[in-house]
Chemist: 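Just passing along the structure, written as structure tokens.
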Amino acid sequence: MSALIAGIAIYYLQVYAFYDPVEATAPAAEIRLTSVVSGDPEVVIADAFQGIDSESSPIRFRACFTTPMSLAMLTETYVVYDDAVPLVAPGWFDCFDADTIGDDLDQGAATAFMGQENISYGIDRIVVIYPDGRGYAWNQINPCGAVVFEGKPAPDGCPPVPETN
């Protein structure tokens, strides 16, 4: 009986307990794409925003939204990202389907953009836009973070690792 209770508790904690909704008016709800010209992230129009996040991990952010901005304009203005790997969202956050997004990226039915590099050290915000204006965003570990999080020194070309106390 105690194993069953522990199993239920662990499941609940992993799937529900650590996620909080991101309010559409919160700063985290601003969808940003990195400009080809300036290299800086710029806010883009994002309607019907739904998002979740967690303070327990920097890669738990997921968002769904729509944008009236054309994909042609976006690809000319913002940095396209080639290594997007959508991270699975909890089943109850049903607007975000990582498998479908990943398949669509592989087939060229959607385009990934660099949202914001190093939104926290070693973590990039990735944004995917479909031709019909549907959009999705998540945080993904970047190559610098992958090395540093394994306890190795940052490779050449990576920003300095922030000091922790």
Chemist: Can you check whether D40's main-chain N or O pairs, donor with acceptor, with T34's side chain at less than 3.5 Å?
Modeler: no
Chemist: Could you see if I129 belongs to whatever hydrophobic cluster contains M114? Use Ile, Leu, Val, Met, Phe, Trp, Tyr and a side-chain cutoff under 4.5 Å.
Modeler: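 Unlinked, I129 and M114 end up in two clusters.
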Chemist: Any side-chain to backbone donor/acceptor pair from D124 onto I126? Under 3.5 Å, distance only.
Modeler: no
Chemist: For the hydrophobic clusters of this structure (ILVMFWY residues joined by side-chain heavy atoms under 4.5 Å, transitively), does one cluster hold both V128 and F65?
Modeler: no
Chemist: Nearest 0.5 angstrom please: R60 CZ to I52 CD1, how far?
Modeler: 9.0 Å
Chemist: Which pair of non-hydrogen atoms, one from I45 and one from P68, has the smallest distance, and what is that distance?
Modeler: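 For I45 and P68, the tightest heavy-atom pair comes out as CG2-CD, 3.4 Å.
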Chemist: Working to the nearest 0.5 angstrom, can you tell me the gap between D53 CG and I59 CD1?
Modeler: 11.0 Å
Chemist: For M73, is there any backbone N or O sitting under 3.5 Å from a side-chain donor or acceptor partner on S70?
Modeler: yes
Chemist: Between A84 and W138, which heavy-atom pair has the shortest distance, and what is it?
Modeler: CB-CZ2, 3.9 Å
Chemist: With the side chain counted from C-beta on, respond yes when Y19 and P90 share a heavy-atom pair under 4.5 Å apart, and no when they do not.
Modeler: yes
Chemist: Can you name the closest pair of heavy atoms from D97 and T100 and give their distance?
Modeler: OD2-OG1, 2.9 Å
Chemist: How long is the gap from OG1 on T67 to CG on L74, to the nearest 0.5 Å?
Modeler: 6.0 Å
Chemist: Would R62 and F93 count as a cation-pi pair here, with the cationic atom under 6.0 angstrom from the ring centre and within 45° of the axis?
Modeler: no
Chemist: Find out if a path of hydrophobic residues (ILVMFWY) with successive side-chain heavy-atom gaps under 4.5 Å connects V127 to V80.
Modeler: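 Hydrophobic grouping puts V127 with V80.
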Chemist: Find the distance between CD1 (I101) and OH (Y130) and round it off to the nearest 0.5 Å.
Modeler: 5.5 Å
Chemist: Just by distance, do the side chain of Q140 and the backbone of V85 share a donor-acceptor pair under 3.5 Å?
Modeler: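 It does hold such a pair.
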Chemist: Can you confirm whether Q50 sits close enough to F96 that some side-chain heavy atom of one is under 4.5 Å from a side-chain heavy atom of the other?
Modeler: no
Chemist: Might you point out which heavy atoms bring V79 and S35 nearest each other, and give the distance in Å?
Modeler: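 Looking at all heavy atoms of both residues, the closest pair is CG2-O, 3.9 Å.
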Chemist: To the closest 0.5 Å, what do you measure between CD (E117) and CD1 (I123)?
Modeler: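 Between E117 CD and I123 CD1, I get 12.0 Å after rounding to 0.5 Å.
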Chemist: State the CE-OG1 distance between M69 and T77, to the nearest 0.5 angstrom.
Modeler: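 Taking CE in M69 and OG1 in T77, the distance rounds to 7.0 Å.
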Chemist: Please report, to 0.1 Å, the donor-acceptor pairs under 3.5 Å made by any side chain of residues 149-160, with sequence neighbours excluded.
Modeler:
from : atom 1 : to   : atom 2 : distance (Å)
E150 : OE1    : K152 : NZ     : 3.3

Chemist: Check for me, please, whether L87 and V22 land in the same ILVMFWY cluster - side-chain distances under 4.5 Å, paths through other members count.
Modeler: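 Hydrophobic grouping puts L87 apart from V22.
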Chemist: Return the minimal non-hydrogen interatomic distance between F49 and E23, and the atom names on each side.
Modeler: CE2-O, 4.5 Å
Chemist: Indicate, with yes or no, if L105 and Y81 share a hydrophobic cluster defined by side-chain heavy-atom contacts under 4.5 Å among Ile, Leu, Val, Met, Phe, Trp and Tyr.
Modeler: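 They do share one cluster, since a chain of ILVMFWY contacts under 4.5 Å joins Y81 to L105.
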Chemist: For F61 and A137, work out which heavy atoms get closest and say how close.
Modeler: CE2-CB, 3.9 Å
